[in-house]
Undergrad: 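Got a structure here, written out as structure tokens. Questions coming.
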Amino acid sequence: MITRFAPSPTGPLHLGHAYSAILAHDMATAAGGAFLLRIEDIDRARARPEWEALIYEDLRWLGLAWETPVMRQSDRMEAYAAALDRIWRMGLLYPCDCTRRDIAQALSAPQEGAEPAIGPDGPVYPGTCRPAPNSAVRQARPTDRALRLDMARALLSDRAAPPLGFTETGAGPGGQTGSVTFTADDLTRGVGDVVLARRDMGTSYHLSVVVDDAAQGITHVTRGRDLFAATQIHVLLQRLLGLSTPIYHHHRLIRDAAGKRLAKRDDARAIRTYREDGATPHDIRRILGL
Ligand code: GLU
């Protein structure tokens, strides 16, 4: 069993991160497997070296040990470009220059009628920049524009043949567990043409996470339930790229006393704050019920 913890160095780790990390660590250790770390720093505007340093400090303090070297997504741009090239050559990506505002306006146009569906990345894209169904893509992949996945076209690929699904050993927000399947309709209506390369990053969370989980040989992905809906996108990308699908374990979200989800800005729940207040790693495990 190979598990991972994949934090973004954009703020201090809080109790929710500790829960995720400890769970992944303990699962791997109990099975005699390996626990890996990956720093998800593709968002260069928000990632900071001091947050990365604090991640290592907090995890060490929690008593976790991980394999080295640690993978850092900022070192992996070539691997993401190669994956994007592959999907581009399959004719499944198209450039899109729409702003959030353009999308909101298109969705509020009278002919759209029904309320737009909200997918894992927000309102389902109305398809403004999507090329006509039979248009051939010949030119080289643009690297200075956002690229969207043509979801309907991707689902016609032999690689995306049903059944689409994954094994869940935790649970989704609706209690989904065991063998979780989803349909082409779930993806076209509920997810739509997601961005796989952001203009400012040259990649995206979805693309990078799939490429890296495969590169690190992750067999069990342990993460918060808030990412359950994104897993359908990840499974589809694994199929398109010929990568195997790991087992997923989506865990409960750690909430504050008022029942609100913890956010990076909740400094009171930061592991560093607990540390400075004299708590022990054992206290953290106890608070988390681990
Ligand atoms: N980097 C993501 C985060 O900090 C986690 C990604 C994942 O576990 O798939 O929320």
Side-chain angles (χ1 to χ4, degrees), residues 1-28 35-48 51-56 58-59 62 64 66 70-76 79-80 83 120-122 166-173 180 191 194-196 198 201 203-238 241 243-255 261-266 269-271:
M1 178 186 295
I2 303 179
T3 66
R4 48 70 161 184
F5 176 55
S8 306
T10 54
L13 294 189
H14 56 59
L15 279 181
H17 294 106
Y19 188 74
S20 221
I22 295 172
L23 211 62
H25 172 269
D26 289 3
M27 266 170 70
F35 169 64
L36 308 186
L37 192 58
R38 182 169 72 233
I39 302 295
E40 301 214 319
D41 58 350
I42 48 173
D43 189 345
R44 307 304 288 161
R46 292 173 62 224
R48 298 262 181 282
W51 294 129
E52 184 176 334
L54 185 62
I55 289 173
Y56 300 132
D58 284 341
L59 294 178
L62 283 169
L64 307 186
W66 54 91
V70 169
M71 180 178 276
R72 295 165 88 228
Q73 291 194 321
S74 52
D75 296 332
R76 303 266 305 145
Y80 308 145
D121 292 351
F166 58 95
T167 300
E168 171 67 54
T169 61
V180 175
V191 176
V194 283
V195 171
L196 291 191
R198 276 177 49 168
M201 290 182 185
T203 183
S204 60
Y205 160 64
H206 301 305
L207 184 92
S208 299
V209 85
V210 162
V211 169
D212 290 345
D213 280 337
Q216 289 189 295
I218 304 301
T219 61
H220 292 68
V221 170
T222 311
R223 60 186 181 195
R225 201 161 281 173
D226 51 332
L227 289 169
F228 181 83
T231 307
Q232 343 171 42
I233 304 170
H234 303 170
V235 170
L236 176 65
L237 293 178
Q238 285 150 3
L241 292 167
L243 305 171
S244 55
T245 294
I247 290 171
Y248 286 89
H249 185 96
H250 290 93
H251 60 71
R252 68 185 175 92
L253 300 179
I254 306 299
R255 295 176 187 276
R261 239 190 85 190
L262 295 179
K264 290 229 160 99
R265 60 186 174 277
D266 292 334
R269 307 281 157 165
I271 301 306

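Because the structure is a prediction, the values reported are computed rather than measured. As the structure lists them, so they are numbered: ligands from 1, and atoms in each ligand from 1.
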Undergrad: Side chain, backbone, both or neither: which applies to Arg4 and ligand 1 if a contact is any heavy-atom pair less than 4.0 Å apart?
TA: side chain
Undergrad: Going by heavy-atom distance to atom 9 (O) of ligand 1, choose the closest among Phe5, Tyr248, Tyr205.
TA: Tyr205
Undergrad: Quick check: Ala6 and ligand 1, any N/O pair under 3.5 Å apart?
TA: yes
Undergrad: Check Arg76, Arg72, Met71 against Arg38 for a side-chain contact (heavy atoms from CB on, under 4.5 Å) and give me the one that passes.
TA: Met71
Undergrad: For ligand 1, which atoms have a heavy atom of Leu227 less than 4.0 angstrom away?
TA: 6 (C), 7 (C), 9 (O)
Undergrad: Side chains of His250 and Arg223: is there a donor and an acceptor less than 3.5 Å apart?
TA: yes
Undergrad: Which ligand 1 atoms are under 4.0 Å away from a heavy-atom of Val209?
TA: 9 (O)
Undergrad: For Arg198, enumerate each residue passing the salt bridge (charged side-chain N to carboxylate O under 4.0 Å, His left out) test, keeping only those at least two apart in sequence or located in another chain.
TA: Asp200
Undergrad: Are Arg252 and Ile254 packed together at the side-chain level, in the sense that at least one heavy-atom pair is separated by less than 4.5 angstrom?
TA: yes
Undergrad: Of the choices Glu40, His206, Arg223, which has the non-hydrogen atom that lies closest to atom 6 (C) of ligand 1?
TA: Glu40
Undergrad: Just to verify, what does His220 make a side-chain contact (heavy atoms from CB on, under 4.5 Å) with, not counting sequence neighbours?
TA: Met1, Thr3, Met27, Ile247
